[in-house]
**Q** 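Once you've had a glance at the structure underneath, I'll fire off some questions.
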Amino acid sequence: MKVGLFIPCYVDQFYPKVGIATLELLEKLGCEVHFPLNQTCCGQPMANSGFASLSKGCDANFIDNFAGFDYIVAPSGSCVLHIKEHLHSEKDPEKADILRGRVFELVEFLTDILKVENIESSFPHRVGLHNSCHGQRMLGLSSMSERVGEPFSKPISLLKKVEGLDLVTLERSDECCGFGGTFCVTEEAVSVKMGKDRVADHLAHQVEYITGGDMSCLMHMEGILKRQKRAVKVIHIAEILNSK
Amino acid sequence: MSRELILNKIRQNRPKERVEMPQNISFEANFSDKIEKFTEVLRGIGGTVLAFENIDDISEDLNPQILKSSNPRILNNQAYVNNEFSDAKTTINLVPEIAFGNTDISKINDPHDLAPVDVAILRGQFGVAENGSIWLDESDFGGHRVLPFITQHLIIVLDKKKIFNNMHEAYAQLDITKTGFGLFLAGPSKTADIEQSLVIGAHGARSLVVLLTDS
Amino acid sequence: MNHAQASDIFNIDEPRVNWHDESLWFIRQKRDKAAWTLPEWETLRGLASQIKDHTLANMDTLLEQFEAKAQANGITIHWAVDAQEHNDIVLNIMKKHGFKKIVKSKSMLTEECHLNPYLEKNGIEVIDTDLGERIVQLRNEPPSHIVMPAIHLKKQDIGDTFHEHLGTQKGATDPQYLTEAARQHLRVKFIAADIALTGVNFAIAETGGFVVCTNEGNADMGAHLAKVHVACMGFEKIIPRAEHLGVFLRLLARSATGQPITTYSSHFQKPREGQEMHIVIVDNGRSTQLGRPDFRNSLKCIRCGACMNTCPVYRRSGGHSYHSAVAGPIGIILAPNLNMKKNADLPFASTLCGSCTNVCPVKIDIHDQIWKWRQEVVKEGYVDFSKKQGIKLMNTVLSNPKIYRLAGKIGRSTMRFAPFLVNNGLNPWYKQRDMPEAPKESFRDWYLKNRK
């Protein structure tokens, strides 16, 4: 199967190691992975600011780069959600439809498509999982505390396969970190307070690492951890699953 | 006219897709004992629930303090009411099986005159186990709707066989148009408006005692 | 002041924010506990949603049915196109009788219509009788939450207010003591009131009756003593059948506070003998909202407040920062319809986390509507010029591969070699967070070197 690797703009620029880990992991699991060189951004920052009307450029560029792949995989729940919900083309609506059905967030790709049984990875550390909102509530990566029903978690099912990993149970398992896109600067006070509270929950459980499926959330929490001069580090789930 | 303006705009703007209306809604309840559930829930929301009939087969749990502590032994509704509310000044009783009450409500014309009432005893029509509520309507209030609210303390006598599992069962057999006013009453009045501290006794009755009977 | 500015101020006192956040989170947890006692919880939500969907689609016939039934029961029905007309109707009923004192139980609708100041301007003594509402009334502030109006106040604040207005002991903060004082004070008002105004939780088309839910009993203490009872409702409060109350009464209190039901669920059908009963059916923008396909679902709201309790932004900014009668997530999707210019900031007071949508007992797609209002607000031009230019610039960069790569390179180089240009007071991110480290290579750079 031909997999097109979609790397979120901020991961490409600030956290290339997450892209590298995603690529290596998919290759390890038997995928033929290509990285279209002219990809840019999914368009979410503009759309979520009320400027979905400006999305033609990003949409067209995405379709150009990713048409023809069997699957498009990205290490980001929010970017994948945006594409799934909002990718469109006036010129070629069927193409956009097809692509929307083929784009997957990394964790769900591993559990639902590759149906991964074993992961040869070791990460003997105390880890807190941050359930990024878009991945959890909108892509259905795990059950949510708001709903009554059978609990499940795709990311935890993968983390359980990692040797030595000690996953803590947080006080609030799925509260938003407060990044929220441009919200992080337009409502800076609330954004940071939300991030500080998430970080405090992890710290109270003595984690060494905070992980999750969205680097945006982790970048925001990392900014707070570093400002507080904490030893706790953030790490994307791809990096944990890819670690030796 | 405003009525026409509003209704016309609604007619114009309402969604035109057909949406089926749910009806005959029912859900199974999983209570092994409706009476126990009703009692548990109502006690949890500040109500006192007692059952004095068939004293031999009453569980300790149902009347622990009464059975253990009081002297003389309280063995029926009458004795309980006499003991608990002996110094109530103004009392109204609408349950003839209990000898109690010093004020004849049929002589009261203005509901404002009920302000001094300390204790009122009423009969409830049925209860709902899932939320500890009791349905009563204005025919149970001796002609004054304000009675269960304005009294300081409220006692309701309820046939323990007339308890439904949930609200769907309750509404299935209730015709709310048969009365000018009715209510589900669940416990004493309360508020948590001051820093979320629960205070029992807001503007309605300060306490609710439910006496479960066999009939 | 817009939401962001108000939130800046709210967040100055961090311990107080923690207290506010934890108080509301605790209620959210009580709601969860109550929901889990019903295995059919999600099915009930679906039914409630469908009943309300059916109601929206049949709004006109249901209202006509309701009116006819209510009138047959001796109730007078009034229709108010807007807030002003609603206020005039209430005032005129009072004037007709020469009444000067009104007691009110909770009605967010009257808050929306600014009824109290209007009546007071016309020489009427208005007493809000819900304890939380009375507290904020004495303090001359609006309620901050639709179910718990004084949730933003500590007992010291309330103790001070009661000392000033009710003569309680200075420094007394015991909730029992303060509530008792309010009980005595308001009991006098109930007994003296000529007219009582209540809200309407549910109006039943099939019967022409309506239901009012309280824990305090204040709606009933007012209505059953006063010579005149006026019930005010937004027209969307209508439901088709009495049996539907089974669904809504099972969901309402559990969603709002985690209780299985409120202490009193009072079913009003006819006025008591000798009493006049009025219902004021209000539009005030609701028929416009009904005509917006993207936003009409907001009219399904049963005003439980669960969305506010769960919203991480509301908990850390407080109801007043939304400058609207109804705050929180539901406020965000209702307010722009009333006044888009004034409320253009509200759709951005959210991270779109989706928690609200998933606690809503009638399954309103709140977070989706918040996103859609953002598009609407921008389309109508209610966005800062500088923000607009900034987004346009961002779009140029992010949709153009070459520009994007160049901008990325420059950005990272700047951060590496002249960090002071980025790490300063002009950068809002930098105020309380460190910037991420800027790597030498982007992922694409690495890919070209290592894979191609």
Side-chain angles (χ1 to χ4, degrees), chain A residues 7 9 11-16 19-20 23 35 37-41 43 45-46 48-54 56-58 60-61 133-134 137-138 144-149 172 175-176 178-181 183-195 197 219-220 222-224 226-227, chain C residues 3-4 7-8 11 14 17 21 25 32 35-36 38-39 41-42 310 312-313 316-317 347-355 358-359 371 374-375 377-379 383 387 391-392 394-395 398-401 404 408 411-412 428-429 431-439 441-444 446-447 451:
Chain A
I7 298 294
C9 48
V11 171
D12 177 36
Q13 295 297 325
F14 293 106
Y15 297 96
I20 297 166
L23 172 64
F35 175 76
L37 292 170
N38 281 325
Q39 60 181 278
T40 54
C41 169
M46 283 71 72
N48 284 4
S49 302
F51 290 85
S53 56
L54 295 179
K56 286 198 184 68
C58 284
N61 197 48
C133 301
H134 295 140
R137 292 195 185 82
M138 282 64 125
M144 60 183 102
S145 59
E146 292 85 356
R147 303 267 275 220
V148 174
R172 298 186 191 181
E175 189 178 37
C176 178
F179 175 74
F183 181 91
C184 74
V185 291
T186 59
E187 289 255 7
E188 184 267 347
V190 176
S191 171
V192 168
K193 180 58 182 150
M194 285 168 70
D197 288 348
M219 173 171 72
H220 166 70
E222 181 186 56
I224 291 166
K226 288 196 331 203
R227 182 59 59 92
Chain C
H3 181 272
S7 305
D8 266 337
N11 275 279
E14 191 170 0
V17 174
D21 165 70
W25 182 255
D32 290 353
W36 278 86
L38 302 184
W41 180 260
E42 299 297 335
T310 198
V313 175
R316 294 174 182 83
S317 59
F348 298 94
S350 166
T351 57
L352 304 176
C353 80
S355 187
N358 288 286
V359 296
W371 188 91
R374 293 180 181 185
Q375 314 306 321
V377 159
V378 164
K379 197 172 84 174
V383 62
K387 181 175 180 188
I391 302 283
K392 279 188 163 161
M394 184 164 68
N395 184 48
L398 292 176
S399 56
N400 244 291
Y404 159 74
R412 280 178 287 117
W429 174 282
K431 195 167 166 204
Q432 301 186 72
R433 291 164 285 210
D434 281 0
M435 295 288 285
E437 237 177 73
E441 291 178 332
S442 67
F443 171 78
R444 186 181 184 275
W446 175 92
Y447 184 83
R451 281 286 184 284

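Below, chains carry the letters A, B, ... as their sequence lines are ordered, and counting in each starts from 1.
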**Q** Quick one: of A:Gly178, A:Cys133, A:Gly43, who has the most non-hydrogen atom pairs under 4.5 Å with chain C?
**A**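 Counting heavy-atom pairs under 4.5 Å, the top option is A:Cys133.
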
**Q** Report which part of C:Asp8 has an atom under 4.5 Å of a heavy atom belonging to chain A: side chain, backbone, both, or neither.
**A**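 Contact with chain A is through both the backbone and side chain of C:Asp8.
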
**Q** Treating A:Thr40 as the side-chain partner and C:Ser399 as the backbone partner, does any N or O pair qualify as donor plus acceptor under 3.5 Å?
**A**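 Not a single qualifying donor-acceptor pair exists.
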
**Q** Please state whether the side chain, the backbone, both or neither of A:Arg137 comes within less than 4.5 Å of a heavy atom of chain C.
**A**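 Contact with chain C involves the side chain of A:Arg137 alone.
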
**Q** Chain C heavy atoms under 4.5 Å from A:Asn61: which part of the residue, side chain, backbone, both or neither?
**A**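 The side chain, not the backbone.
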
**Q** Under a 4.5 Å heavy-atom cutoff, which of C:Lys387, C:Glu441, C:Lys379, C:Arg374 has the most pairs with chain A?
**A**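 The candidate making the most pairs under 4.5 Å is C:Arg374.
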
**Q** If you count heavy-atom pairs within less than 4.5 Å of chain A, which of C:Pro428, C:Ser355, C:Ser7, C:Gly411 leads?
**A**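 Of the options given, most contacts go to C:Ser355.
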
**Q** Which answer fits C:Trp36, side chain, backbone, both or neither, if we ask what part of it has an atom under 4.5 Å from a heavy atom of chain A?
**A**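 Contact with chain A involves both backbone and side-chain atoms of C:Trp36.
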
**Q** Pick from A:Gly195, A:Gly181, A:Gly149: which one has the most heavy-atom pairs with chain C under 4.5 Å?
**A**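 Heavy-atom pairs under 4.5 Å are most numerous for A:Gly149.
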
**Q** Do you know which of A:Arg172, A:Met194, A:Met138 has the most heavy-atom pairs with chain C at a distance under 4.5 angstrom?
**A**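 The answer is A:Arg172.
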
**Q** If you round to the nearest 0.5 Å, how far is SG of C:Cys353 from CE of A:Met144?
**A**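 Rounded to the nearest 0.5 Å, the CE-SG separation comes to 10.0 Å.
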
**Q** Can you say whether C:Trp446 sits under 4.5 Å from chain A via the side chain, the backbone, both, or neither, judging by heavy atoms?
**A**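 Contact with chain A: side chain only.
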
**Q** Looking at C:Asp32, C:Asn395, C:Asn400, C:Leu38, which has the largest count of heavy-atom pairs under 4.5 Å with chain A?
**A**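 Max contact count across the listed options: C:Asn395.
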
**Q** Whether the side chain of A:Tyr15 engages the backbone of A:Met219 through a donor-acceptor N/O pair (distance < 3.5 Å, no angle test) should be reported.
**A**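 Here the side-chain-to-backbone pair does not exist.
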
**Q** Which bit of C:Arg412 comes within less than 4.5 Å of chain A, counting heavy atoms only: side chain, backbone, both or neither?
**A**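 When you check distances to chain A, only side chain atoms of C:Arg412 fall under 4.5 Å.
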
**Q** Do C:Trp25 side-chain atoms and C:Thr310 backbone N/O form a donor-acceptor pair below 3.5 Å?
**A**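 Pair absent, no side-chain N/O of C:Trp25 close to backbone of C:Thr310.
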
**Q** If you count heavy-atom pairs under 4.5 Å with chain C, which of A:Cys9, A:Gly57, A:Ala60 comes out on top?
**A**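 Winner by heavy-atom pair count: A:Cys9.
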
**Q** With a 4.5 Å limit on heavy-atom distance, are the side chains of C:Leu352 and C:Trp371 in contact?
**A**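 The answer is yes, as the side chains (C-beta and beyond) meet within the 4.5 Å cut-off.
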
**Q** When you measure from the side chain of A:His220 to the backbone N and O of A:Ser191, does any donor-acceptor pair fall under 3.5 Å?
**A**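 It does hold such a pair.
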
**Q** Taking side chain as everything from C-beta outward and backbone as N, CA, C, O, which of these in C:Tyr447 sits under 4.5 Å from a heavy atom of chain A? Side chain, backbone, both or neither.
**A**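 For C:Tyr447, the side chain is the part near chain A, not the backbone.
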
**Q** Heavy-atom cut-off 4.5 Å, strictly under: side chain, backbone, both or neither for A:Met46 against chain C?
**A**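 When you check distances to chain C, atoms from both the backbone and side chain of A:Met46 fall under 4.5 Å.
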
**Q** Less than 4.5 Å apart, side chain to side chain, heavy atoms only: is that true for C:Asp21 and A:Lys193?
**A**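 A side-chain contact under 4.5 Å is absent here.
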
**Q** Please report the shortest heavy-atom distance between C:Lys431 and A:Arg227, naming the atom on each side.
**A**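 Smallest heavy-atom distance, with atoms named: O-NH1, 3.0 Å.
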
**Q** Let me know if C:Val313 has heavy atoms under 4.5 Å from chain A in its side chain, its backbone, both or neither.
**A**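 Looking at C:Val313, backbone and side chain both touch chain A.
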
**Q** Going by heavy atoms in the side chains, are A:Phe183 and C:Ser350 under 4.5 Å from each other?
**A**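 Side chain of A:Phe183 against side chain of C:Ser350, heavy atoms only: no contact under 4.5 Å found.
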
**Q** Is chain A contacted by the side chain of C:Met435, its backbone, both, or neither, given a heavy-atom distance below 4.5 Å?
**A**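 Just its backbone gets close to chain A.
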
**Q** With a 4.5 angstrom heavy-atom cut-off, which part of A:Glu175 approaches chain C: side chain, backbone, both or neither?
**A**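 Side chain only.
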
**Q** Would you say C:Arg316's side chain and C:Asn11's backbone share a donor-acceptor pair under 3.5 angstrom?
**A**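 The answer is no, because no donor-acceptor pair under 3.5 Å joins these two groups.
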
**Q** Run the numbers on A:Cys41 and C:Met394 for side-chain contact (heavy atoms from CB on, under 4.5 Å), then give the verdict.
**A** CA-CA 11 Å; A:Cys41 169; C:Met394 184 164 68; over 6 Å; no

**Q** If you count heavy-atom pairs under 4.5 Å between each of C:Val378, C:Thr351, C:Asp434 and chain A, which one has the most?
**A**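 Ranked by contacts with chain A, first place is C:Asp434.
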
**Q** Less than 4.5 Å to any heavy atom of chain C: does that hold for the side chain of A:Leu37, its backbone, both, or neither?
**A**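 Both backbone and side chain.
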
**Q** Hey, is the main chain of A:Ile7 close enough, under 3.5 Å, to the side chain of A:Gln39 for a donor-acceptor pair?
**A**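 Yes, A:Gln39 side chain to A:Ile7 backbone: donor-acceptor pair under 3.5 Å.
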
**Q** Identify which of A:Asp197, A:Thr186, A:Ile224, A:Asn48 forms the greatest number of heavy-atom pairs closer than 4.5 Å to chain C.
**A**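 Ranked by heavy-atom pairs under 4.5 Å with chain C, first place is A:Asn48.
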
**Q** Is there a donor-acceptor pair closer than 3.5 Å between any side-chain N or O of C:Glu42 and the backbone N or O of A:Val148?
**A**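 Side chain of C:Glu42 to backbone of A:Val148: a pair is present.
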
